[in-house]
Amino acid sequence: MPLKRSWQRLMSEIASLSAIEILDSRGKPTLLARCDLADGSLGAASLPSGASTGAAEAHELRDGGDRYAGQGCLRAVANINSEINKALAGRRFERQAQLDKALIELDGSLNKSRLGSNAILGVSLAFCRAQSAQAGLPLYRHLARMADLAPRLPRPMINLFSGGAHAGGQVAIQDVQLVLPKAQSIRHTLEVASDVFRAAAKLIRSRYGMRLLTADEGGLAPPCESSEALLSAAVDAILAAGYKMGDEVALTLDVAATQFYEDDCYQLDAEELSREAMIARLENWCRDYPIVSLEDGLQQDDWTGWRKLLQRLGGRVKILGDDLLCTNTGRIQRAISENAADSLLLKVNQIGTLTEALAALKLARQAGWQVVISARSGETEDDWLADLAAGWAADYIKVGSITQSERLAKYNRLLVLEQMDGLRLEQR
Ligand code: PGA
Ligand code: ZN
């Protein structure tokens with residue numbers, strides 16, 4: 001009986017670890033890793049990859065050379081097939097943390113640059129899936145047990161408009177996202193998001209004479225003259241679709257300010273703003289638009305600016321750190337101690353193992369922070385992220401738009417968890 005097995009202690013002997021190179025949603029190589037256990041259980045996982053990456057992220061190993069413009073993953077694949085497999089096949093692990101520790105020790109570098117964070121995370125995730133199969137548990141339950149948390153559904157942040165590095169940079173800010181603060185189900189959330197998306201597409205067509213063009217995460221990428229025009233278009237689309245601004249549908253922003261910080265200034269659209277002016281601008285946006293969360297409002301090393309931002313806007317909107325924190329406990333601890341943020345954006349491939357990502361989540365939770373579990377701009381059709389966000393009881397999940405199957409794989413998995421596994425989207 002699967003249920004009975006689930007309460008037993010697991011001992012998982014690795015029979016073999018293997019990997020192949022596959023392509024992500026941008027047509028760029030990534031890898032799929034597989035873990036076969038001695039009892040016949042197996043798990044596989046494919047990996048996402050970012051475009052607006054933080055400087056403190058673990059090192060993704062790429063081949064260089066001419067093939068795929070240097071972006072190939074054959075070295076990382078070979079590291080799994082040879083060195084990692086040789087070191088770990090035949091070894092037995094009870095817990096994810098033991099496997100991840102063995103991987104970190106084998107790599108031996110500070111940022112996973114020797115074997116590659118992609119090789120290491122591929123094995124970490126494939127082993128996790130194999131163990132969940134061995135336990136006879138759905139992945140989210142296995143992850144919840146690992147984290148000692150009760151699973152629940154995360155509230156989606158859904159990409160409506162894209163700019164910045166995800167859309168060719170017409171507008172400086174990277175993501176304008178929809179969030180339904182009070183929605184009681186994923187099903188309803190997606191229905192509303194679809195209404196707003198259609199209204200936005202119509203509006204863009206009439207305002208800019210442009211057909212529907214989508215960016216890396218499936219959001220619309222209109223040629224707005226400024227970030228403010230993009231924000232106004234989002235509000236207009238919400239109203240045109242017949243929803244109330246704020247209560248029914250609110251906005252979250254990923255400013256991704258590191259991407260337009262150059263020569264000691266924020267190059268926001270046609271303007272050059274100092275730190276102070278940028279903070280004032282963010283404050284104006286939060287006053288003028290129904291924004292509830294502000295991600296990377298300032299660049300990744302502007303700790304002084306982040307402290308000021310939290311002082312000025314904390315309590316009114318969530319100050320969410322992506323590039324600032326890089327799912328790294330050292331940086332999160334600094335942000336807690338210095339009062340520089342109050343929410344964590346968690347991306348497991350920023351740090352490179354599930355165990356370290358869980359430590360980041362636990363640290364953020366201890367400080368009373370909100371947690372957003374996020375996809376990357378380059379994704380695959382794999383849906384493990386939905387199980388991770390539910391199993392680790394994230395407040396929000398950030399996946400991208402409601403177009404493109406690499407995004408929908410995650411939303412559709414949330415629909416299954418809601419309607420077939422009985423998980424709920426709770427008010428919090
Ligand atoms: P990335 O962007 O996956 O391209 O790094 C996502 C984000 O900034 O949240
Ligand atoms: Zn971001």
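Throughout, numbering of the chain's residues begins at 1 and tracks the sequence. Read the numbers this way: they start at 1 and go in the same order the structure lists the ligands and their atoms. Just the heavy atoms: all of them, side chains too, but no hydrogens, waters or symmetry mates, feed the values below.
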task = Before signing off on this row, confirm whether Ser377 and ligand 1 have an N or O atom pair separated by under 3.5 Å.
result = yes
Contact atoms of ligand 1, heavy-atom distance to Lys398 under 4.0 Å = 7 (C), 9 (O)
request  = Please check if the side chain of Ser401 supplies one atom and the backbone of Gly218 the other of a donor-acceptor pair under 3.5 Å.
outcome  = yes
Main-chain N/O of Ala340 paired with Glu338 side-chain donor or acceptor, under 3.5 Å = no
note = ligand 1 to Asp322, heavy atom cutoff 4.0 Å, flagged ligand atoms 7 (C), 8 (O), 9 (O)
Closest protein heavy atom (residue, atom, distance) for atom 8 (O) of ligand 1 = Gln174 NE2, 2.8 Å
message = Quick one about Asp296 and Gln300 (side-chain donor to acceptor, distance below 3.5 Å, no hydrogens or angles considered), yes or no?
response = no
message = With heavy-atom distances below 4.0 Å as the criterion, list the atoms of ligand 1 near Gly50.
response = 1 (P), 3 (O), 4 (O), 5 (O)
ask   = Which residue and non-hydrogen atom of the protein lie closest to atom 6 (C) of ligand 1, and at what distance in Å?
value = Lys347 NZ, 3.4 Å
query = Which ligand 1 atoms are under 4.0 Å away from a heavy-atom of Glu295?
reply = 9 (O)
Salt-bridge criterion met for Glu356 and Lys347 (N-O under 4.0 Å) = no
request  = Taking atom types as modelled, find out whether Ser82 and Asn79 have a side-chain donor-acceptor pair closer than 3.5 angstrom.
outcome  = no
query = Is the closest heavy atom of Ala256 to ligand 1 under 4.0 Å?
reply = no
inquiry  = Can you tell me which N/O/S atom of Asp254 has the shortest distance to the Zn ion (ligand 2)?
reply    = OD2
note = Of all protein heavy atoms, the one nearest atom 5 (O) of ligand 1 is Arg376 NH2, 2.7 Å
Thr355 side chain to Arg95 side chain, donor-acceptor N/O pair below 3.5 angstrom = no
ask   = Looking at ligand 1, does any of its N/O atoms fall within less than 3.5 Å of an N/O of His166?
value = yes
query = For residues Thr252 and Gln177, is any side-chain donor paired with an opposing acceptor at under 3.5 Å?
reply = yes
task = Determine which of the N, O or S atoms in Glu295 is closest to the Zn ion (ligand 2) and give its atom name.
result = OE2
message = As an exercise, identify every atom of ligand 1 less than 4.0 angstrom from a heavy atom of Asp254.
response = 7 (C), 8 (O), 9 (O)
query = Which atoms from ligand 1 have a heavy atom of Ser52 less than 4.0 Å away?
reply = 1 (P), 2 (O), 4 (O), 5 (O), 8 (O)
ask   = Can you find an N or O of Gly378 that's nearer than 3.5 Å to an N or O of ligand 1?
value = no
query = When you measure from the Zn ion (ligand 2) to each N, O or S atom of Asp322, which atom gives the shortest distance?
reply = OD2
ask   = Asp175 to ligand 1: N or O pair under 3.5 Å?
value = no
